[in-house]
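Below is one structure, written out as structure tokens; comments come after it.
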2 protein chains.
Amino acid sequence: MKQKPTLKVIAKELDVSVSTVSKALKDSKEIGAKTKERVKAFAKLYNYRPNNIALSLKNRKTKTIGVIIPEIVHHFFTTVISGIEKYANEQGYNVIVGLSNESFDKEVINLDMLANGSIDGFIISVAKETLAKEDFHHITETIDQGVPIVMFDRVVDEILCDKVIVDDVATSKKAVQQLISNGCKKIGIISTKDYVSVGRLRTRGYLEALNHNHIPKNDDLILKIDDKLNSNDNLEQLEAQIATFFKQNKQLDGIFAVNELYAITAMKVARKNGIQIPEQLQVIGFTDGVLSKHAYPPLTTISQHGFEMGEDCARLLIERLEKQDEEDETYQTVVVKTDLVLRETTKSKS
Amino acid sequence: MKQKPTLKVIAKELDVSVSTVSKALKDSKEIGAKTKERVKAFAKLYNYRPNNIALSLKNRKTKTIGVIIPEIVHHFFTTVISGIEKYANEQGYNVIVGLSNESFDKEVINLDMLANGSIDGFIISVAKETLAKEDFHHITETIDQGVPIVMFDRVVDEILCDKVIVDDVATSKKAVQQLISNGCKKIGIISTKDYVSVGRLRTRGYLEALNHNHIPKNDDLILKIDDKLNSNDNLEQLEAQIATFFKQNKQLDGIFAVNELYAITAMKVARKNGIQIPEQLQVIGFTDGVLSKHAYPPLTTISQHGFEMGEDCARLLIERLEKQDEEDETYQTVVVKTDLVLRETTKSKS
DNA sequence: TATCCACACGAAAACGTTTTAGTATTTGTT
DNA sequence: AACAAATACTAAAACGTTTTCGTGTGGATA
């Protein structure tokens, strides 16, 4: 293991000054041709790479962005990360990820660990526990300190920053409308507790669709799953809740689930009850992931285009970073479009 | 947006020297009690956080580790990342991720972007294209420059470094033995091309199991999928290859697939052909992910314990980093245990 | 009163860069 | 030949820390 060469050692070795080396390497016209050649040759030989940390310190920017998400073993979030990575890398940025595991404390710690010069800005999807507590001081403080934040998916309205979301209400309305158009008379929704913004909004969309079709609201048909945990840590509990939901609501012929896992689990319960999909029960899930695609039968879903969301997040953040001097306090909210991906858990319109 | 306070501004504000402030904040006994109090109060008031970049430069270590994987939209890899994150965070390290997208060039670029002082060490799973090219100069050069690397899952034997793997051969043998014990007579394997180490090794385990049971090798029963791409970019092609494989091998009653996706796709093809699982065909997949768990019927798989693999990777790397002065050139290969998770695509032994 | 030591603090170097502001030396101009 | 200007380079500061080595003050001791 040889020591990594620095400007200083190159300078000493070639008996010139550090500044000469620096300038030679960037082809400054201040430096003579033969010196340039000597320096470049030497640098190439010893595979000199400018130390990024020193550059970060000097420039007061690190060219890395911090992404904080509730969990990473989750198709939607990884898709978003892919989009972030792609755009960020194209712009010469690195991505550092922190996981909150849906925990408020870990979210705070993660923010703390990075908001000390390590990163230039954050992209964040808020933990469920944080949403439930409604304590956002760590986020606002970070913004106040001059570190820009972009929120996606799970956003909080009160905080002023750039946001990337889907139109949850309209999209959900569209999905439920599809069920209605397909002949469903008794449609249930499997949602989250209301503190999760997306769950709340998707429930609203469900209700709007019913209302628009003059179907009376029935609270029994609204199941709000209580899980503050990771998606996979309480599967049996989830299944049990859905099973009792089915038991209490015979004759269900349509299910709208606010995420893929709920939809898949609903299908599992239905199968155990001998209910035919889509003949007796049609199902639509929000979020189009691997589970939906490979489910049996393949699940009709709403695609959120996570990759594009990620790209948008990164674009918003980097644009703000690069013109940080201008200090405009106008924030954007990008609404990315959704698509209804018709597969085999819904009847094809005839 | 107020400016982040530095030692210098605190010093000026309190009319003491920078070193005094620094020492006061770390409770040095060199500093008088009332000065300490003044400094600490001021620091707390303005929420002073030491600049991490400056520390990194001074200490010549960044306390962050780079993880480079082929893709992130993939259950196994994200599970490993979770394990890495957990251990790393506990040790005060951050994790920065780079995606190679199975591309050699992107792998090189990613290594380059980070091996310039940005990170202290790498954890890497090699891209398929790199494995196919057998060009590992970027990896060896990085190691030569004194940046330690830990490889996992897709490792390359020729490179000396710490590694975390599963015993692919023995595990695969065990899985195939299970199929044989369950009464399978004609067992096919769906594997990858041989340049992917894990595919090669798992195929070897398959053959060893057959051999051990005096079942003659039949090359027709060995399907080596040719995909250099991401797992989800060529699904139809994958399905087509498996379909012809089924067509060419009637009477198959057992399938061992070297990953989850191949197994799931095989089940899909079987279903289209009206083959009952597990009655007519038993299936075991390598890698226990969400797909397997939520498949219908739930898939019998081999669990690789990705989370523990991640923890082991991080532990190996950080241990090496923390005693980097000692420079021991003895590398470890940790073999993490696997489990056969019996679900419903295999007959329960009676 | 002279010496010593503890105490409380400051100066400066170092980490590896970039950049501004010089400074010699050579070249060109009249 | 004298001076201006171009050329080729160097010195030093700066980014924000930590840490080593001083240093000046005061009180205690002899």
Side-chain angles (χ1 to χ4, degrees), chain A residues 3-40 42-43 46-64 114-120 145-147 324, chain B residues 3-40 42-43 46-64 92 115-120 145-147 324:
Chain A
Q3 203 49 0
K4 277 179 245 170
T6 68
L7 290 186
K8 196 196 282 193
V9 322
I10 298 183
K12 183 174 298 177
E13 212 70 26
L14 264 46
D15 205 46
V16 292
S17 79
V18 170
S19 32
T20 303
V21 177
S22 175
K23 288 171 183 166
L25 289 175
K26 21 192 49 181
D27 245 333
S28 159
K29 60 192 62 91
E30 292 183 48
I31 305 298
K34 64 273 183 238
T35 317
K36 270 190 205 171
E37 273 325 299
R38 280 209 314 146
V39 172
K40 284 185 186 171
F42 192 94
Y46 287 95
N47 191 28
Y48 168 79
R49 316 282 329 268
N51 181 305
N52 206 20
I53 296 296
L55 285 177
S56 296
L57 182 59
K58 178 137 230 325
N59 301 329
R60 266 111 123 247
K61 51 172 69 174
T62 59
K63 286 251 178 187
T64 86
L114 299 176
N116 53 14
S118 298
I119 53 94
D120 294 341
Q145 294 208 348
V147 180
Q324 204 160 27
Chain B
Q3 201 51 0
K4 280 181 240 169
T6 69
L7 291 186
K8 196 195 282 193
V9 321
I10 298 183
K12 181 174 300 178
E13 212 69 26
L14 264 46
D15 205 45
V16 292
S17 79
V18 170
S19 31
T20 302
V21 178
S22 175
K23 289 170 184 167
L25 289 175
K26 17 191 53 180
D27 244 333
S28 160
K29 62 192 62 93
E30 293 184 49
I31 305 298
K34 63 274 182 241
T35 318
K36 269 190 205 170
E37 273 325 299
R38 280 210 313 149
V39 172
K40 283 184 186 171
F42 193 95
Y46 287 95
N47 192 27
Y48 168 78
R49 315 281 331 265
N51 182 304
N52 206 20
I53 296 295
L55 285 178
S56 295
L57 182 59
K58 179 138 229 323
N59 302 329
R60 267 109 122 249
K61 50 171 72 173
T62 59
K63 286 254 177 182
T64 86
N116 53 14
S118 298
I119 53 94
D120 295 340
Q145 294 207 349
V147 180
Q324 203 158 27

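Letters A, B, ... mirror the listed sequences (proteins, then strands); counts begin at 1. Predicted model, so just to flag it, every value in this text is computed and none were measured.
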Can you find a pair of side-chain heavy atoms, one from R38(A) and one from V16(A), that are under 4.5 Å apart?
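Result yes, sub-4.5 Å side-chain heavy-atom pair found.
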Rounded to whole angstroms, how far apart are [atom1] on [X] and [atom2] on [N]?
X: Y48(A); N: dG16(C); atom1: OH; atom2: C1'; result: 7 Å
X: K36(B); N: dC7(C); atom1: NZ; atom2: P; result: 12 Å
X: R49(A); N: dT17(C); atom1: CZ; atom2: P; result: 11 Å
X: Y46(A); N: dG16(C); atom1: OH; atom2: P; result: 18 Å
X: D15(B); N: dG10(C); atom1: CG; atom2: C1'; result: 12 Å
X: N59(A); N: dG16(C); atom1: CG; atom2: P; result: 17 Å
X: L7(A); N: dT17(C); atom1: CG; atom2: C1'; result: 6 Å
X: K58(B); N: dC15(C); atom1: NZ; atom2: C1'; result: 6 Å

Taking N and O atoms by type only, does the side chain of K8(B) place a donor or acceptor under 3.5 Å from a partner on the base of dT18(D)?
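Side chain to base: no pair present.
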Looking at dT20(D), does its base get a donor-acceptor pair with the side chain of K23(B) below 3.5 Å?
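Indeed there is one.
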Judged by atom type as modelled, is there a donor-acceptor pair below 3.5 Å linking the side chain of S118(B) to the main-chain atoms of I53(A)?
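Not a single qualifying donor-acceptor pair exists.
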Any side-chain to backbone donor/acceptor pair from S56(B) onto N52(B)? Under 3.5 Å, distance only.
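The answer is yes, because a donor-acceptor pair under 3.5 Å joins these two groups.
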Basic-acidic side-chain contact under 4.0 Å: D120(A), K63(A):
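The answer is no: the pair does not qualify as a salt bridge.
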Measure from the side-chain heavy atoms of [X] and tell me the nearest of [options].
X: S19(A); options: dT17(D), dT19(C), dG16(D); result: dT19(C)
X: S17(B); options: dG16(D), dT17(C), dG10(C); result: dG10(C)
X: A54(A); options: dT17(C), dC9(D), dG16(D); result: dT17(C)

Audit row: V147(B), K4(A), side chain to side chain contact (heavy atoms under 4.5 Å, CB included) steps and yes/no:
CA-CA 10 Å; V147(B) 180; K4(A) 277 179 245 170; 4.0 Å; yes
For L57(B) and T20(B), take the nucleotide of DNA chain C holding the closest heavy atom to each; which residue's nucleotide lies nearer the 5' end?
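The residue mapped nearer the 5' terminus is T20(B).
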Within the structure shown, what part of the strands sits under 4.0 Å from [X] by heavy-atom distance: base, sugar-phosphate, or nothing?
X: T6(B); value: sugar-phosphate
X: L55(A); value: sugar-phosphate
X: S56(B); value: nothing

OG1/T6(A) to CZ/R49(A) distance, rounded to the nearest 0.5 angstrom?
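These two atoms lie 14.5 Å from each other.
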When V21(A) is tested against each of L14(A), V9(A), I10(A), T35(A) for side chain to side chain contact (heavy atoms under 4.5 Å, CB included), which residue passes?
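The residue from L14(A), V9(A), I10(A), T35(A) that satisfies side chain to side chain contact (heavy atoms under 4.5 Å, CB included) with V21(A) turns out to be I10(A).
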When you measure from the side-chain N and O atoms of [X] to the phosphate of [N], is any distance below 4.0 Å, counting only OP1 and OP2?
X: T35(A); N: dC9(D); answer: yes
X: R60(A); N: dA14(D); answer: no
X: S22(B); N: dT17(D); answer: no

I need the residues from residues 25-32 of chain B with at least one non-hydrogen atom less than 4.0 Å from DNA chain C; give them sorted by number, or say none.
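Residues of residues 25-32 of chain B that come under 4.0 Å of DNA chain C are, in numerical order, E30(B), I31(B), G32(B).
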State whether a side-chain donor-acceptor pair under 3.5 Å links S17(B) with T20(B).
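Yes, because at least one side-chain N or O of S17(B) sits under 3.5 Å from a partner of the opposite role on T20(B).
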